[in-house]
Amino acid sequence: TTVDGNIALQAGGSATLETFNAGTGQIRIAATSIVDGDTAPNETEVDLVGSAAQLVTTGAVGGPSNALETTLQTLAAATGDLYLSDNDALTIGALTVNAQRVDITGASASTANAGTSGVTAGVAVIQAKAGSLDSLAGIAVNASGNLLLKATGASSDLTLRGAVTG
């Protein structure tokens, strides 16, 4: 948890999450895969809270019966498979999230992470549970497998302004 600051996690293997809370800050996670630490199927505890998340993995984020639960405004992801359920409205955009990195000596320096635009995944299941799901102009959503983009709740809209493949 931070007080409205950015959080960055770089894992050489899988990252198992319980709760990352950046307040109004942004989150960046780079790992082999991102696993929801709550193992009960279809549980609803929020795993990522922040203004935005940049997810970069070679493997899956969440799973078919255990999506990563979020409360975000903006998402950018380059992953294997992606299973994500947001509590509110969600916008798919372009992000470069940097943070202060502290090394083993206690010294800190800013990270220089590459940007991620839109969503690129194998299977992609993205749900906005209580609001609209939107993508910014020119921002693509690409799935090499199945693709589900879903906005639920009263007066929710699905608005895609960029290319969609899946």
Side-chain angles (χ1 to χ4, degrees), residues 1-95 97 99 113 116 118-135 139 141-160 164 166:
T1 299
T2 67
V3 180
D4 302 328
N6 291 353
I7 298 175
L9 170 67
Q10 177 108 20
S14 184
T16 300
L17 305 180
E18 188 62 31
T19 301
F20 263 47
N21 187 340
T24 60
Q26 299 179 334
I27 299 167
R28 181 182 194 274
I29 301 173
T32 303
S33 63
I34 301 172
V35 178
D36 185 341
D38 301 306
T39 57
N42 302 312
E43 57 77 30
T44 60
E45 182 181 13
V46 177
D47 303 304
L48 299 179
V49 177
S51 64
Q54 179 185 12
L55 308 177
V56 181
T57 69
T58 54
V61 172
S65 63
N66 199 8
L68 200 65
E69 295 86 19
T70 65
T71 301
L72 303 166
Q73 285 91 43
T74 305
L75 170 72
T79 69
D81 293 342
L82 175 63
Y83 299 89
L84 187 134
S85 178
D86 194 83
N87 284 332
D88 299 310
L90 182 65
T91 298
I92 298 169
L95 293 169
V97 178
N113 296 314
T116 303
V119 169
T120 301
V123 170
V125 176
I126 304 170
Q127 300 180 67
K129 295 193 315 188
S132 296
L133 180 59
D134 185 15
S135 68
I139 301 296
V141 177
N142 297 304
S144 59
N146 292 331
L147 173 64
L148 172 65
L149 302 172
K150 184 176 181 181
T152 60
S155 64
S156 295
D157 294 318
L158 178 62
T159 307
L160 303 171
V164 177

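- Rounded to the nearest 0.5 Å, atoms OG1 (T70) and CZ (F20) are 14.0 Å apart.
- Considering every non-hydrogen atom in both A151 and G131, the closest pair reads CB-O, 3.6 Å.
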Applying side chain to side chain contact (heavy atoms under 4.5 Å, CB included) to L133 and K150, what does each step give before you reach the verdict? CA-CA 7 Å; L133 180 59; K150 184 176 181 181; 5.8 Å; no
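- In this structure, the side chains of V97 and I27 stay at 4.5 Å or more apart for every pair of heavy atoms.
- Residues E45 and T19 meet the side-chain proximity criterion, which asks for heavy atoms closer than 4.5 Å.
- For N146 (side chain) and V123 (main-chain N/O), no donor-acceptor pair under 3.5 Å exists by modelled atom type.
- For the residue pair D4 and G23, the shortest heavy atom distance occurs at OD1-CA, 3.3 Å.
- Across every non-hydrogen atom of S85 and K129, the tightest pair is OG-CD, 3.1 Å.
- In this structure, D38 CG and T16 OG1 are separated by 11.0 Å, a value rounded to the nearest 0.5 Å.
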For side chain to side chain contact (heavy atoms under 4.5 Å, CB included), just list the numbers for L75 and L55, CA-CA rounded to whole Å, side-chain angles, deciding distance to a tenth of an Å, and then say yes or no. CA-CA 8 Å; L75 170 72; L55 308 177; 4.0 Å; yes
Using the rule given for side chain to side chain contact (heavy atoms under 4.5 Å, CB included), can you reason through I34 versus T79, listing the C-alpha separation, both sets of side-chain angles and the distance that settles it, and then say yes or no? CA-CA 9 Å; I34 301 172; T79 69; over 6 Å; no
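- Just one residue in the list T116, N6, T74 forms a side chain to side chain donor-acceptor pair (under 3.5 Å) with Q54, and that residue is T116.
- In this structure, the side chain of D86 does not engage the main chain of A128 through any donor-acceptor pair within 3.5 Å.
- No donor-acceptor pair closer than 3.5 Å links the side chain of S132 to the backbone N or O of L158.
- With no hydrogens or angles considered, no side-chain donor-acceptor pair links T57 and S33 at under 3.5 Å.
- For the atom pair CD1 (I92) and CG (D134), the distance works out to 8.5 Å, reported to the nearest 0.5 Å.
- Closest non-hydrogen pair, D88 versus T71, comes out as OD2-CG2, 3.4 Å.
- Closest approach of A76 to G93, counting heavy atoms only: CB-O, 3.5 Å.
- Residues N66 and E43 meet the side-chain proximity criterion, which asks for heavy atoms closer than 4.5 Å.
- Taking both residues in full, the closest heavy atoms of G50 and A22 are given as CA-CB, 4.4 Å, listed atom of the first, atom of the second, then distance.
- Taken to the nearest 0.5 Å, the CG atom of L82 stands 5.0 Å off from the CD1 atom of I126.
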Check the pair V56 / N113 against side chain to side chain contact (heavy atoms under 4.5 Å, CB included), numbers first and verdict last. CA-CA 11 Å; V56 181; N113 296 314; over 6 Å; no
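- Atom CG of D47 is separated from atom CG of L17 by 6.5 Å, given to the nearest 0.5 angstrom.
- Contact check for L48 versus I29: side-chain heavy atoms found under the 4.5 Å cut-off.
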